[in-house]
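Heads up: the structure comes next, in structure tokens.
Throughout, a chain's letter reflects where its sequence line sits, starting with A, and its residues are numbered from 1.
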2 protein chains.
Amino acid sequence: MKRGNSSHDAETAELLRRVGLRLTGSRRYVLEALLQSGHPLSHQELLGRRDSLRFDRVTIYRALLALKRKGLVHDVKGTDGIRRFGAHPTDLPHCPGNHAHFLCRRCGRMFCLTESPLPWVEVPAGTTVEGKQMVVYGLCPQCARREND
Amino acid sequence: MKRGNSSHDAETAELLRRVGLRLTGSRRYVLEALLQSGHPLSHQELLGRRDSLRFDRVTIYRALLALKRKGLVHDVKGTDGIRRFGAHPTDLPHCPGNHAHFLCRRCGRMFCLTESPLPWVEVPAGTTVEGKQMVVYGLCPQCARREND
DNA sequence: TTCTACTTGCAATTGAGTTGCAAAAGCATT
DNA sequence: AATGCTTTTGCAACTCAATTGCAAGTAGAA
Ligand SMILES: [Mn+2]
Ligand SMILES: [Mn+2]
Ligand SMILES: [Zn+2]
Ligand SMILES: [Zn+2]
């Protein structure tokens, strides 16, 4: 499968191989996009990115699920009901998304708040905790400026 | 509009009046249900509760929105994409849902973790924070027991 | 009782995400 | 470079939460 040649191209191949995933066009594209974008992306945002290199919607979903299952990306369900996926910065060995995320209600962009690790949470005895997520929402700096034009 | 006579009946009327909402059957029913249930309820859970007293799905949605707008309930969007609403315990004067919530991935019940207030979160300069939510997910004690039967 | 603004029911619609299946492609092997 | 097995892809259909428009009904004030 043909690919555009971009900065993380070799890196994505190496990452996919390392976790035992086949190197396919959609996976390289999605992982690449998540690495380049400085912030988590929704399925919808991933669909429209380049005019060449078009994949089916379902294929993008399945690529995301594969990357998630192998721990290459983390995901957050926003207060808007939309799931966004972020690649882990490759310099940090294991940052499995255990930080808060900010969601702008106006532009819909999500940002990792990597400086805000999630707190320990006390749960009732017998409860099994499998994960947690925190979403802070409001207006990003850009949108806050426009709001009071 | 006819109503079942239950424990919080007078209380709901008083609450609705206090915030300037008209006393309608659907609002009294929804608020009552949220007060009685010890945990937040989804729209779907609210629909099936009694056989008498049937309201349209959309009416239940709109009742929830009204209660939310007036601050009588708080809401959380679960990692399963379903929004759940919880009444504020009336003894606490203002507990606007600023605590973590647990969501069981098996039975779908959500619980308020009122002992875990949400932490302060640092955001980039210029950002406007309007709210935040934290969802801890896994298995509730009941479901955890059944999982290894 | 009357009036009016607000609320409800119904039908249609949006949009995220999932499922089943046949065709296509990755990759290890010959 | 061809073989063969397994995984992945594209397509169409589907599920399900939530929203919208509008006409009919109702709460609450006068
Ligand atoms: Mn993140
Ligand atoms: Mn709560
Ligand atoms: Zn924004
Ligand atoms: Zn459970």
Separation of D:dT8 C1' from A:Tyr29 OH (nearest whole Å): 18 Å
Closest to the B:Val58 side chain, choosing from D:dA12, D:dT9, D:dT20: D:dT20
Polar side-chain contact A:Arg27-C:dG26 base: donor and acceptor under 3.5 Å: no
Euclidean distance, B:Thr59 OG1 relative to B:Leu64 CG, rounded to 0.5 Å: 11.0 Å
Closest heavy-atom pair and its distance - B:Phe111, B:Cys140: CE1-CB, 4.1 Å
Atom pair distance, as rounded to whole Å: CZ in B:Arg54 and P in C:dT8: 16 Å
Polar side-chain contact B:Arg17-D:dG28 base: donor and acceptor under 3.5 Å: no
Heavy-atom closest contact (B:Ala63 atom, B:Arg27 atom, distance): CB-CG, 4.1 Å
Phosphate OP1/OP2 of D:dT8: any A:Thr59 side-chain N/O under 4.0 Å: no
Residue pairs, two or more places apart or on separate chains, that pass salt bridge (Lys or Arg N to Asp or Glu O under 4.0 Å) and touch residues 66-82 of chain B: B:Lys68-B:Asp75, B:Asp75-B:Arg83, B:Asp80-B:Arg84
Residues that A:Tyr137 engages under side-chain hydrogen bond (donor to acceptor under 3.5 Å, both in side chains), provided they are two or more places apart: none
For nucleotides 27-30 of chain C, which of its nitrogen or oxygen atoms have a protein nitrogen or oxygen under 3.5 Å away, and what is each distance?
residue: C:dC27; atom: OP1; partner: A:Leu23; partner atom: N; Å: 2.8

Would you list the protein and nucleotides 15-17 of chain D atom pairs, both N or O, that sit under 3.5 Å from each other?
none

Global bending angle along the helix from C:dT1-D:dA30 to C:dT30-D:dA1, which compares the axes of five pairs at either end, to 10 degrees: 30°
Enclosure of A:Glu115 CD (heavy-atom neighbours >12, cutoff 6.0 Å): no
Protein-nucleotide distance (B:Arg28, atom CZ; C:dT7, atom C1'), rounded to Å: 15 Å
First encountered from the 5' end of DNA chain D, between B:Arg84 and B:Arg62: B:Arg84
Nucleotide C:dT8, atom P - distance to CG of B:Leu65 in whole Å: 11 Å
A:His101 and A:His74 aromatic ring geometry - parallel, tilted or perpendicular at 30°/60° bounds: tilted
For residues 118-127 of chain A, please give each side-chain donor-acceptor pair under 3.5 Å, one per line with the distance, not counting sequence neighbours.
residue: A:Thr127; atom: OG1; partner: A:Pro124; partner atom: O; Å: 2.7

Between C:dC6 (C1') and B:Lys70 (NZ): distance, integer Å: 12 Å
Atom-pair distance (CZ on A:Arg69; P on D:dT7), nearest Å: 11 Å
Shortest non-hydrogen contact between A:Cys104 and A:Leu139, atoms and distance: SG-CA, 3.9 Å
Side chains of A:Leu46 and A:Leu34 in contact at under 4.5 Å (non-hydrogen atoms): yes
d(CG, B:Leu16; C1', C:dC6) in whole Å: 14 Å
Closest contact, heavy atoms only, B:Leu21 versus B:Ala66: CD1-O, 4.0 Å
Minimum-distance pair of heavy atoms, taken over all atoms of B:Leu15 and B:Leu72: O-CD1, 4.1 Å
B:Asp56 CG - D:dT19 P separation (whole Å): 14 Å
